[in-house]
**Student:** 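Here it is, the structure, as structure tokens.
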Amino acid sequence: MIVAFSVSPMGVGESVAPAVARAVRVVRDSGLPNRTDAMFTSVEGEWDEVMDVVKRAVEAAGEGAPRVSLVLKADIREGVTDGLTSKVEAVEAELRGD
């Protein structure tokens, strides 16, 4: 499964970069395949391990915040591995006309 999520603390001021960095550090330290862009962090693995990472990332981002916002989207597809790469490669191949 691939989960794309965005987590942001609320009530901590304008910049949330330190909190987001704490969340991304949890994801990267998990050892699961992941990517971070301007809007979401995606992580790939089995249900329980991915959801555990998301939970810990939310907790890390929420340190010192009275409230946390989480947006989550999941692609649950049995038997697919390396979806973070293969899905992008398939689109790029279409764009090239392969």
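Quick caveat, the model's predicted, so the values are computed rather than measured.
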**Student:** With clusters defined by side-chain heavy atoms of hydrophobic residues (ILVMFWY) lying less than 4.5 Å apart, directly or transitively, does V80 cluster with V91?
**Tutor:**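 In one cluster: no.
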**Student:** Can you name the nearest heavy-atom pair linking V12 to P66, along with the distance?
**Tutor:**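 Where V12 meets P66 most closely, the heavy atoms are CG1-CD, 4.5 Å.
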**Student:** Which atoms form the tightest heavy-atom contact between P9 and A61, and what is the distance?
**Tutor:** CB-O, 3.6 Å
**Student:** Hey, is D98 close enough to R96 for a salt bridge, meaning N to O under 4.0 Å?
**Tutor:** yes
**Student:** Starting from V20, can I reach L70 by hopping between I/L/V/M/F/W/Y residues whose side chains sit under 4.5 Å apart?
**Tutor:**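 As far as the 4.5 Å side-chain criterion goes, V20 and L70 are not connected within one cluster.
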**Student:** Would you call K55 and V26 a side-chain contact if the rule is heavy atoms closer than 4.5 Å?
**Tutor:**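 A side-chain contact is absent here, since even the closest heavy-atom pair is not under 4.5 Å.
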**Student:** Please name all residues satisfying side chain to side chain donor-acceptor pair (under 3.5 Å) with R56, sequence neighbours left out, ordered by chain then number.
**Tutor:** D52
**Student:** I want to check something: taking the side chain as every heavy atom from C-beta on, are F5 and V71 in contact at a cut-off of under 4.5 Å?
**Tutor:**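 Answer no - side chains too far apart.
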**Student:** With a 4.5 Å limit on heavy-atom distance, are the side chains of K87 and I2 in contact?
**Tutor:** yes
**Student:** If you group Ile, Leu, Val, Met, Phe, Trp and Tyr by side-chain heavy-atom gaps below 4.5 Å, do V50 and V24 land in one group?
**Tutor:**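 They do not share one cluster, since no chain of ILVMFWY contacts under 4.5 Å joins V50 to V24.
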**Student:** Strictly by side chain to side chain donor-acceptor pair (under 3.5 Å), give each pair with a member in residues 40-51 just once, sequence neighbours left out.
**Tutor:** T36-T41
**Student:** May I ask whether V7 and L32 are part of the same hydrophobic cluster, defined by side-chain heavy atoms of I, L, V, M, F, W, Y residues being less than 4.5 angstrom apart, directly or through others?
**Tutor:** yes
**Student:** Search all heavy atoms of S69 against all heavy atoms of M10 and return the closest pair with its distance.
**Tutor:** CB-SD, 3.9 Å
**Student:** How about M51 and M1: do any of their side-chain heavy atoms sit closer than 4.5 Å?
**Tutor:** yes
**Student:** Looking only at heavy atoms, what is the nearest atom pair of S15 and P18, with distance?
**Tutor:** OG-CD, 3.9 Å
**Student:** According to a 4.5 Å side-chain heavy-atom criterion applied to Ile, Leu, Val, Met, Phe, Trp and Tyr, with indirect links allowed, do V54 and L84 form part of one hydrophobic cluster?
**Tutor:**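 No: no chain of side-chain contacts under 4.5 Å links V54 to L84.
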